[in-house]
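Basis for what follows: all heavy atoms, side chains included, without hydrogens, waters or symmetry-related copies. Proteins come first, then strands; the chains are lettered A, B, ... in the order of their sequence lines, and each starts at number 1. Because the structure is predicted, anything quoted here is derived from the model rather than measured.
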Number of protein chains: 2
Amino acid sequence: MTIKTTESGVKVRGGRSTREAILEAASRLIHVHGYNQTALDDVLRESGVGKGNFYYHFKSKEELGYAILDQIIASFLERTLEPCFADPEGRALAQIRCFFDRVLETQRERNCVGGCPLGNMALELSDVHEGFRARLASVFSAWRERLTLVLRRAQRGGEVSGECRPEAVADFLVASLEGAILLTKLTKDIVVMEQCVAEMKRYLSLFEPRT
Amino acid sequence: MTIKTTESGVKVRGGRSTREAILEAASRLIHVHGYNQTALDDVLRESGVGKGNFYYHFKSKEELGYAILDQIIASFLERTLEPCFADPEGRALAQIRCFFDRVLETQRERNCVGGCPLGNMALELSDVHEGFRARLASVFSAWRERLTLVLRRAQRGGEVSGECRPEAVADFLVASLEGAILLTKLTKDIVVMEQCVAEMKRYLSLFEPRT
DNA sequence: CTCTCTGTACCAACTGGTCAGTACAGATGA
DNA sequence: TCATCTGTACTGACCAGTTGGTACAGAGAG
């Protein structure tokens, strides 16, 4: 399917890009207003897609929700989490600190608005649909897994002391980041986020072997 | 107004207890399903109060929300936060650790369900109504204030080392607890909470003066 | 003491609006 | 000319809030 332009300059979307237009509008709206507060009609108005058209491409609003969630998850893994830990030779603690900074940076870019897309959906939907909860739990679990692996590797290499229990530390780091983002959203003050990241780095330094 | 009982054993509520019945049912439902997901009709069915009656006692659903929130805040301050820090002579770090344990205990009691009532409302409503956001921000701020004070006191007494920046540490502790509760709700696994609390204690030990 | 009057507490039925989802006809292209 | 798309108009459920009225306790007047 190709994208064409009529004489009036209005874009006529082919099949695949209609789906993309919906996803783009929906992910923007859902990020700002939340899933439940985002009416399907708003998504359609924003994306310029008709209702019948929407239901041709999606089975339901719930399916749209899953698609958005998958998109958020993929984007988080590819654009935020994995790049920091790409180098298997890099120093683990430095990579983790770099990851903190990256998360801090996203909050700054967003002016503390919107919070964490994953955390938001987690709180909003985990009670409602088991499917959402499971999917969200899996990404948090991938996140913790990544941190656990890098910590374990560092421990083997002697970069991190033996008293570090990688699973527990990973859980704690994920929780703290999510909490920091929540508190930042609430106070609308980036200083909170900065302080939390600074304290997380201080906490990490606990595991540096004594020189 | 008094509470009376008819010959059939059905309670006829006077003014004040109707309000209480509504608040009780609403706070239970809202804690489980969230504010937006709780229909007014559900609250009314649960509490056995008619709709007109509800609107006699409350201006709107939003006002009910405020009342619930005030109740949650008061309960948190009186029953969870303040008792831990009541003794001005107590050792600060021990009080903070005790507070962690108390929060952990509430999660255990609730079987990891429901998360933190304050955090839930924060995430759900802070974008929607500025009034909710402000009220929530104020309680988190009281919470951080309490921790800041106790840390500062400890610092003066030499119980906590000078490198501790009380405000930053307080922010971090609050954020971490909230994040831990969120992650616990999502994974439905109390071990996550236990590990996070353990790591928070380890972090705290950073500030104990070296012997 | 009794009869009206008044304000509080309460109820059932309804309204108006929103929203997810459906029906279907028209367009478009192989 | 058949399958793939797309827009419009509709449906039914849900839900916050309204309305018009009842029940009844207590106060005051006769």
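For B/T18, no side-chain nitrogen or oxygen approaches OP1 or OP2 of C/dA9 to under 4.0 Å. The shortest distance between the side-chain N/O atoms of A/N53 and the OP1/OP2 oxygens of D/dC5 is not below 4.0 Å.
Residue A/D42 is the one, among A/D42 and A/G52, whose nearest nucleotide of DNA chain C lies closer to the 5' end (criterion: closest heavy atom).
Candidate nucleotides D/dT6, D/dG17, C/dC10 were compared by shortest atom distance to the side chain of B/S60, and D/dG17 ranks first. When distances are taken from the side chain of B/Y56 to each of D/dT6, C/dC10, C/dA20, the shortest belongs to C/dC10. Among D/dT18, C/dA20, D/dC15, the nucleotide with an atom closest to any side-chain atom of B/Y55 is D/dT18.
Between A/Y203 and A/F172, the distance separating the two ring centers is shorter than 6.0 angstrom.
Between the CG atom of A/N36 and the C1' atom of C/dC19 there is a distance of 12 Å, given to the nearest Å. Here the P atom of nucleotide D/dA16 and the CD atom of B/Q37 are 11 Å apart, to the nearest Å. Following rounding to the nearest Å, B/L44 (CG) and D/dT18 (P) show an atom-to-atom distance of 14 Å. Rounding to whole angstrom units, CG of residue A/L29 and P of C/dA20 are separated by 12 Å. Between the P atom of C/dC10 and the CZ atom of B/F58 lies a distance of 12 Å, rounded to the nearest Å. Here C/dA20 presents its P atom at 11 Å from CZ of A/R45, a figure rounded to the nearest Å. Between the CG atom of B/D41 and the C1' atom of C/dC14 there is a distance of 13 Å, given to the nearest Å. As rounded to whole Å, 9 Å separates atom P of C/dC11 from atom NE2 of B/H57.
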Practice task
Applying salt bridge (charged side-chain N to carboxylate O under 4.0 Å, His left out), run through A/R152 and A/E167 and close with a yes or a no.
Solution key: CA-CA 9 Å; A/R152 209 173 278 150; A/E167 291 84 0; 2.5 Å; yes
Exercise for the section: Apply salt bridge (charged side-chain N to carboxylate O under 4.0 Å, His left out) to B/D101 and B/K201, showing your working. Expected result: CA-CA 10 Å; B/D101 288 330; B/K201 287 178 179 172; 2.9 Å; yes
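Not a single donor-acceptor pair, N or O on each side, falls under 3.5 Å between the base of C/dA12 and the side chain of B/K51.
The side chain to side chain contact (heavy atoms under 4.5 Å, CB included) test with B/C112 singles out one residue from B/D189, B/L183, B/T184, and that residue is B/T184.
Ion pairing between A/E105 and A/R102 fails under the 4.0 Å rule for side-chain N and carboxylate O.
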